[in-house]
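Per chain, numbering begins at 1; letters A, B, ... match sequence-line order. Everything numeric here is computed off the predicted structure, so don't read it as measured data.
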Amino acid sequence: MADPAAASSGSLIAGARSSSGKAASSPAENYHLARRRTLQVVVSALLTECGFESAEKAAVESLTEMMQSYMNEIGRCTKAYCEHTARSIPTLSDVVVTLIEMGFNVDTLPVYAKRSQRMVITAPPVTNAPVVPKALTAGQKRTHPPHIPSHFPEFPDPHTYIKTPTFREPVSDYQVVREKAASQRRDVERALTRFMAKTGETQSLFKDDITAFPLIAAQPCTIPYLSALLPSELELQTLEETDSSEQDDQTDSENTTGNIITDDPAADKENSMLPPSGVVPSAKASEENMIDNPYLRPVKKPKVRRKK
Amino acid sequence: MNRKKDKGFESPRPFKLTHQVVCINNINFQRKCVIGYVELTIFPTVVNLNRIKLNSKQCRIYRVRVNELEAPFIYNDPTLEVCHHESKQRNLNYFSSAYTAAVSAVDPDAGHGELVIKVPSELWKQGDDLKVLKVYIEFSLDQPKGGLHFVVPDVEGTMAERGAHVFSFGYQNSTRFWFPCVDSYSELCTWKLEFTVDASMVAVSCGDLVETIYTHDMRKKTFHYVLPIPTAAPNISLAVGPFEILVDPYMHEVTHFCLPQLLPLLKHSMSFLHEIFEFYEEILTCRYPYSCFKTVFVDEAYVQVSSYASMSIFSTNLLHSAMIIDQTPLTRRCLAQALAQQFFGCFISRMSWADEWVLKGISGYIYGLYLKKTFGVNEYRHWIKEELDKIVEYELKMGGVLLHPTFSGGKEKDSPMSHLHFSIKHPHTLSWEYYKMFQCKAHLVMRLIENRISMEFMLQVFNKLLSLASTASSQKYQSHMWSQMLVSTHGFLKSISNVSGKDIGPLIKQWVDQSAVVKFFGSFAFNRKRNVLELEIRQDYTSAGTQKYVGPIKVTVQELDGSFNHTLQIEENSLKHDIPCHSKSRRNKKKKIPLMNGEEVDMDLSTMDADSPLLWIRIDPDMSILRKVEFEQADFMWQYQLRFERDVVAQEEAISALEKFPTPASRLALTDILEQEQCFYKVRMQACFCLAKIANAMVSTWQGPPAMKSLFTRMFCCKSCPNIIKTNNFINFQSYFLQKTMPVAMALLRDVQNLCPKDVLNFILDLIKYNDNRKNKFSDNYYRADLIEALTNSLTPAISINNEVRTVDNLNADVRLILEEITRFLNMEKLLPSFRNTITVSCLKAIRQLQKNGHIPSEPSLFKSYAEYGHFVDVRVAAVEALVDYTRVERSSEELQWLLNMVQNDSVHYVRHKILGMLAKNPPFTKATDSALCNEALVDQLWKLMNSGTSHDWRLRCDAVNLYYNLFGLTRPSCLPLPELGLVLNLKEKKAVLNPTIKPEPGVSTVIDTPASIGIHGVGMGYSTVDEEPDPVSLGVCGVGQPPLGLKRKAETPLGSPPEPGQVLQQQEDDGGRRYKIRFNTMEEEDIDMETVHDSQAFIHHHLNLLERPSTPGKEPPLVEQSMLSMPATPVPSFPKETTSTSSKHGAEHSHHHHHHHHEHKKKKKKHKHKHKHKHKHENKDKEKDRERDNSHAYSNSPASGRSLRSPSLSD
């Protein structure tokens, strides 16, 4: 089945270009319908040629579909080969390569084309190819400046490369900015808290309307001092943004206690918050080696069983 | 005064402690228990030391060995249950004396203790050569309620991961709660401390960490500490937890510890500690006495700061990040306090409780010097004024704080302090507020001494004390030098006189040996003819808490020509003082006026009195008297004083005075000061509130925008759009504090309808709306909290039409806006918690205020949920405060019960303390008011709470006493029904209320005089009202405590000490071994001891008496016999037989009461024997007391001595 379909493809490609169809609802649709019908005729002719007397409509439809796909693929591949060689219009060799690539024996094609029992199908009626709407041109196209040879493509429409200030002047009025920032933040906060209140447990100040001023229920937590004392991430962020010098100070002091070498896991754990000793500058490190704090000393191994 | 003991210190004990080993082998966080042993090395100081008294509470003692020999011991803690028997007394007078007696009975300063160890007789002889004894005690603590506090968060993970920790705590000497010791500040010894803890934990304790060794299974490690400096047991502490360790970058011998995850905060908070060290070492010219110092930050701390030898335990809530402004000075102050106490309090200890003021005074004083240096003179003077105002207010209200109580003659009711409902004989009986005021007064008095002898001498004295102590500390025990490390009032005063050569006797007499403050009233007139200022200074020395002052007083007069100091003598009868003026009233135009500090300023003199050259006058400007001055001068003088006097104290005084002068001139003066940036920020803050008050007083004539609004706009709002505040930048702290305060003060403004003006409210709402902290390097949590406070302040009572229920619909529009903000803030806090949850705290206060003003329904459930364990402590306290207020306003017994329940069960000691404190401050009812809350069950509950429920925490017990006092007063609560078996009598009203139908048979009174009856003169406790039908049984034993009807003297009484009220007296009859117990308090007949009554029925028929304890001190009948004589008043005949049988029936129970102490039942016999000895000692004393009593007719009432009286040993 593949053969006859492939055989007809050569002629069909040419045919498809010039075919036309009956008028249908829209010109583009008509165009496609007409071509489809031609394709169906081709399939039917091939079937007859192969000795079929009749075919179900659905079968013909499927075959048509297959054929169309096959031809599409040929077209797509051809175009790809052509573009691959930096051309815009396919040549015969592109088609040949494509066919070879698709596993078709090109040599058989001339013989097949000249076979005796072939049926000649009338060319599809010429219909006007649908008109591609012209791109809207805006402004005057620029001519080439003198240093650009004239064979170069023309400039595109100016709107594609020229900055067009179409936005409004940004609000730089202080009052409005503040107003906006404030109300935005308030809206966000309110929405967020309402959401939290809606999705979780709430407490209410009123008995009659418990939705009026929903308060997120107070949940006891196991270590309350942590959240109460540690700055929130948001605050830490601000701190980083606003002040980096202080951060430096902090790392300095961190380093001071950094150089602790302990050989047991427990002591390591205690000091796990301290930065590794590697980051300490060497001058500092030597100074720290002199720190003799009993809490930094390694834990001694137990002595061999003393009598208690 | 009675300052004896010139020659150093005399130990009250028959032995001297030299060294103590404390070894804790196991700390189980899961079960909250601790196992260990102690070993005390003691030198007997008497021949044949046969018993050793130590302090121990709560500890379960397994065995005691003395020099390897098992030793029997008795454990008896009378403070567990202060009033024995289920007494229905319920009057605070009685409780207080019983409590004092119980504390005295185990007071280590008197050589007593809960634990009495009998030295095995084999060792007695050793006393001859005063050989050393080693007392080894094994003990354990199971779920300690005091002394040690376990914090075990309920999360997944190992104890270390959970951040579980334990630390010691206590009020004054409380070390006995966690190991047996001599719990006295005056018993010094060297220490060896060993703690075996989980390998993931650190044990921090006093002294030097010598080594840390793994146990054999490598799962635990043992921390070995040695403290070579002689230290008193109360200064020993321990903290164990998975602490993060920070070695101080400036001082490597200083180590800081905090809970996991807080290390960055610790680093920041501790970054300036070295400055405090340097400061103290410099002024004291003395190195820090210990070789190391440790700071530990723990959760659920008992107090913010507690100092122990070479370490301090702080609340973890003092830690803060660099973004926090307000907490920073507070934390630094706490550190400075802790460090000051290291020198005076830990290193230098005290001889007795009466010398405590010296330690607290010196540490408070040098802390003040640190404040002056760090925060400036203005801050220092402001602080001194604040402290002075506090103490003056307290003393005028409560009637005097005595720094140096002396107890001559053994009277327990210290007569000068009888106005108090607690005894000041022991630190453990003081109310917390009194103790705080005591500390406050102590440092103020030190400052007075400094004024007198100069700071240089003062510091020399301190240096001398310290160098003596450090010399002594390095000596061996044998050198007997250690007592040099104890400070006494006498020693301190002697040092002062040696160093300065000045006599400060009068000063000490006035402020230290005597309580109360001085109250001056000043006024003046200017005599133009003589050009003399006639100043009149009067004193009020009759009201409570005041005393008469005689001596010099400084008066500063600012005249046109300058400022002049005058020292006047306040004498007995001279009120008027003539002060010549230097300047003429004709003023020199255009001339600058010289101020005290040499500055010359231009003043607009148009407002002043043309005839007088006086600008302002100040009395005692240096605060060199503990006084309150009410001085009258014209408003323009106050205004000049505010504007031009450079002393912040004068400015603050002027501001308070100007409240009474709501005039445009005052307004201008205040506004000017508010704007003046050189002015101290706290003065400006105070001016805000004064301005608000003045504006409200002037509301009808007020011109222009609301007070402070335009000022605030100018200072903090954008130039271009004045309704929008600048984005926050708190780099200038002065303006930060002002920015925080002004809205709060503005919200207090009221218009003619007494509402907060609309534009003020909108203004505050705008501040909240436009608040923008994104560019600020500091947190704005305190600022936002203050804005909420401002909203709260703007609230006024809702107008309610016929008491409608508060619903959302009838919510006032303004209140709706406020509520909207509060809701949002409170909800946001859940998502982004602020530092110390300040915003939640403010929101809770605001909600309570909304409820109170009737805008929203009054409802406690929200507060209850925030008061639960698991919230940050500040939030809990705020919620509890709201609940306390709710309880009072709504008279809700349910909430009161809820709170009291929390007092009993909450695991955070601080919260329990706070609840009682707040209830006492804002009581649900008082003695004067009638309330349904005041009922018998509540009385019983509170009584139980203070009697036995709070025995593990001195402070809490005193809080409970305080609350009881505030609710019911000193006498039996009026809501109590008549005691069932009570005597029918009302002493309080001094009425012969009893129906005298029955007269006692003459025989009764006769027998009373027999020896057997003697000693019955204890204080009877029947306390009841008249109209109840007396129960026959009670009548049988009733004695009536009415004033004498001609009874015989009781001089022959052999046992002088009155028994503890409600206790049973035993009497030995001449003729044989029969013993009698006589119940005084018939309200509980079950207390009669069966074993003593079985053979003495006949006697009892005649002699059971009920004596009435008077309701107020001073009205007490001096003698028992007198009380007995009043028997005729008894309305119904007595039924002796019933009495006896009832008595016998309950006898068994009674004997039980005697030995309620745990684990001691088996040792009953021994104990009695011991008591016998004990008793003899008492007897002698008691005899003396008796004699005294004969003269003074005053009662001493000691349960301790009472107990010894009824001891069975009396019979032989």
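- B:Cys721 places a side-chain heavy atom less than 4.5 Å from the side chain of A:Tyr174.
- Taking chain A as the reference chain and counting heavy-atom pairs below 4.5 Å, the highest number among B:Thr840, B:Ile725, B:Ile822, B:Val873 is found for B:Ile725.
- Partners of B:Tyr869 according to the ring pair (Phe, Tyr, Trp, His ring centres under 6.0 Å) rule, which considers only residues two or more places apart in sequence or in another chain, do not exist here.
- Although no hydrogens or angles enter the test, the distance criterion places a donor-acceptor pair under 3.5 Å between the side chain of A:Arg178 and the main chain of B:Tyr770.
- With hydrogens and angles disregarded, no donor-acceptor distance shorter than 3.5 Å links the side chain of B:Asn827 to the backbone of A:Leu215.
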Steps toward side chain to side chain donor-acceptor pair (under 3.5 Å) verdict (B:Ser720, A:Gln175): CA-CA 8 Å; B:Ser720 58; A:Gln175 183 170 357; over 6 Å; no

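- Separation of atoms CZ (B:Arg816) and CZ (A:Phe213) is listed at 5.0 Å; rounding is to 0.5 Å.
- We find that A:Glu179 and B:Lys769 are joined by a salt bridge, their nearest charged nitrogen and carboxylate oxygen being less than 4.0 Å apart.
- Remark: B:Phe293 engages B:Phe277, B:Tyr288 in a ring pair (Phe, Tyr, Trp, His ring centres under 6.0 Å) (not counting sequence neighbours).
- Of all heavy-atom pairs between B:Ile768 and A:Arg186, the closest is C-NH2, 4.3 Å.
- To the nearest 0.5 angstrom, A:Lys301 atom NZ is 12.0 Å from B:Ile213 atom CD1.
- When the candidates B:Cys718, B:Ser271, B:Cys292 are compared by the number of heavy-atom contacts under 4.5 Å with chain A, B:Cys718 comes out ahead.
- Among B:Glu868, B:Arg162, B:Lys294, the residue making the largest number of heavy-atom pairs under 4.5 Å with chain A is B:Lys294.
- In this structure, the portions of A:Leu205 lying under 4.5 Å from any heavy atom of chain B include both its backbone and its side chain.
- Contacts of A:Ala217 with chain B are made by backbone atoms alone, with heavy-atom separations under 4.5 Å and no side-chain atom involved.
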Begin from the C-alpha positions of B:Lys221 and A:Val299 and carry the test side chain to side chain contact (heavy atoms under 4.5 Å, CB included) through to its verdict. CA-CA 8 Å; B:Lys221 32 185 192 180; A:Val299 183; 3.9 Å; yes

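- The pair B:Glu820-A:Arg194 meets the salt-bridge criterion, with a side-chain N (NZ, NE, NH1 or NH2) lying under 4.0 Å from an Asp/Glu carboxylate O.
- For chain A, the nearby parts of B:His871 are the backbone and the side chain; heavy atoms of each come within less than 4.5 Å.
- For the set B:Leu811, B:Val254, B:Asp198, the count of heavy-atom pairs under 4.5 angstrom toward chain A peaks at B:Leu811.
- Here the side chains of A:Pro302 and B:Met218 are in contact, with some heavy-atom distance below 4.5 Å.
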Between A:Thr222 and B:Asp154, is the side chain to side chain donor-acceptor pair (under 3.5 Å) condition met? List the steps. CA-CA 6 Å; A:Thr222 43; B:Asp154 187 18; over 6 Å; no

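- For A:Ser227, the parts lying near chain B are the backbone and the side chain together; criterion is any non-hydrogen pair under 4.5 Å.
- Contacts with chain A were tallied for B:Ile324, B:Asp208, B:Leu850, B:Asn771; B:Asn771 has the most, counting heavy-atom pairs under 4.5 Å.
- The OH atom of B:Tyr866 sits 5.5 Å away from atom CD of A:Gln203, with the distance rounded to the nearest 0.5 Å.
- Taking CZ from B:Arg824 and CZ from A:Arg190, the interatomic distance works out to 7.0 Å, rounded to the nearest 0.5 Å.
- Distance check: A:Leu226 CG to B:Gln261 CD gives 4.5 Å after rounding to the nearest 0.5 Å.
- Other residues, nucleotides and ligands contribute more than 12 heavy atoms inside 6.0 Å of the CE atom of B:Met251.
- The CG atom of A:Leu229 lies 5.0 Å from the CZ atom of B:Phe872; values are rounded to the nearest 0.5 Å.
- The environment of A:Lys79 atom NZ is sparse: at most 12 non-hydrogen atoms of other residues, nucleotides or ligands sit within 6.0 angstrom.
- Side-chain atoms of B:Asp299 do not come within 3.5 Å of backbone N or O of A:Pro224 as any donor-acceptor pair.
- Interface remark: B:Ser321 contributes side-chain atoms only to the contact with chain A (heavy atom separation under 4.5 Å).
- Chain A forms more heavy-atom pairs under 4.5 Å with one residue of B:Thr727, B:Thr838, B:Asp874, B:Leu826 than with any other, namely B:Thr727.
- Between B:Phe257 and A:Tyr295, the ring planes lie perpendicular to each other; the angle is over 60°, past the 30° to 60° tilted range.
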